[in-house]
Amino acid sequence: NAGVTQTPKFQVLKTGQSMTLQCAQDMNHEYMSWYRQDPGMGLRLIHYSVGAGITDQGEVPNGYNVSRSTTEDFPLRLLSAAPSQTSVYFCASSRTRLGTDTQYFGPGTRLTVL
Amino acid sequence: AQSVTQLGSHVSVSEGALVLLRCNYSSSVPPYLFWYVQYPNQGLQLLLKYTTGATLVKGINGFEAEFKKSETSFHLTKPSAHMSDAAEYFCAVIPGRTNFGNEKLTFGTGTRLTIIP
């Protein structure tokens, strides 16, 4: 198993541009999530999904969209990038949404918005 | 609402010395508690977790943590530090035994561990 994969590893955008961060998992996990990691703030949840066709907002959803058309993929879309979205983005998945199920994290995407 | 406090954003220990990383939590219901490790330029990896049962939890790489309800703490320890332990460590909490799931996972701000040769 490849686990959780993310592309790209690095991205530089200009303010106002849009882009999609890709996330895929090959473990047949129901639950997938996106976090952003900023210095001194830990990880904060952006959006999550409990299964194909079902998504919901996390702590910091503004400026981001998600969809879950398949079990495997959970892309994160930045609609109009802003410098405040400069961050490292992590995708994670777990077998179910239960808190007893371990989340597995991808390697991250480092995004810079100029 | 739950929250997690990690005391010390940077901790340095000598190789072979005891590692102690502190974590205190607040939760309105009995919590599930986690420690994650992040090596440079990598994602987070679960070190150990407490959900129910024995309050002393053993994890990977020789780490362990003890859930102390009276102190609302879940400190991470390792008897003898190794150079490979240099990383950032995150404590996290979910309100347990409720309908909440992984969407309620709240992270602390992290502690960067440096090992001195």
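The structure displayed is predicted, hence computed values, not measured ones. Chain A is the first sequence line, chain B the second, and so forth, proteins listed ahead of strands; every chain is numbered from 1.
The 12-atom threshold is exceeded at CZ of A/Arg44, counting heavy atoms of other residues, nucleotides or ligands nearer than 6.0 Å. Under a cut-off of 6.0 angstrom, the local environment of CZ in B/Phe67 is crowded, with over 12 non-hydrogen atoms contributed by other residues, nucleotides or ligands.
Ranking B/Leu44, B/Asn41, B/Leu46 against chain A, the residue ahead of the rest is B/Leu44, based on heavy-atom pairs under 4.5 Å. Options B/Glu88, B/Gln45, B/Gln42 differ in how many heavy-atom pairs under 4.5 Å they form with chain A, and the most are formed by B/Gln42.
Both A/Ile46 and A/Met19 belong to a single network of hydrophobic side chains, linked directly or stepwise wherever heavy atoms of I, L, V, M, F, W or Y lie under 4.5 Å apart. By the rule that hydrophobic residues join a cluster once side-chain heavy atoms approach within less than 4.5 Å of another member, B/Ile60 and B/Leu18 end up as members of separate clusters. No continuous path of hydrophobic side-chain contacts links A/Phe10 to A/Tyr89 [ILVMFWY only; heavy atoms under 4.5 Å]. One hydrophobic cluster, built from ILVMFWY side chains closer than 4.5 Å, cannot hold both A/Val4 and B/Tyr36; they sit in different ones. Under a hydrophobic clustering in which Ile, Leu, Val, Met, Phe, Trp and Tyr are joined whenever their side-chain heavy atoms come within less than 4.5 Å, directly or via other members, A/Leu43 and A/Tyr64 fall into different clusters.
Looking at every heavy atom in both residues, A/Tyr35 comes nearest to B/Asn102 through OH-O, 4.0 Å.
Taking the side chain as every heavy atom from C-beta outward, B/Thr109 and A/Met41 never approach each other to under 4.5 Å. Contact of the A/Phe105 side chain with the B/Gln38 side chain is not registered, since no non-hydrogen atoms from C-beta on lie closer than 4.5 Å. Using a 4.5 Å heavy-atom cutoff, the side chains of A/Asp56 and B/Glu103 are not in contact.
With values rounded to the nearest 0.5 angstrom, B/Lys104 atom NZ is found 10.0 Å from A/Glu59 atom CD. How far CZ of B/Phe107 is from CG of A/Leu45: 9.0 Å, rounded to the nearest 0.5 Å. Note: A/Thr102 OG1 to B/Phe34 CZ = 7.0 Å, rounded to the nearest 0.5 Å. The structure places CZ of A/Arg97 at 12.5 Å from CG of B/Leu105, a figure rounded to the nearest 0.5 Å. Note that OH of B/Tyr32 is 7.5 Å distant from CG of A/Leu98, once rounded to the nearest 0.5 Å.
Shown here are the side chain to side chain contact (heavy atoms under 4.5 Å, CB included) partners of B/Ser73, two or more places apart in sequence or in another chain: B/Asn24, B/Lys68, B/Glu71, B/His75.
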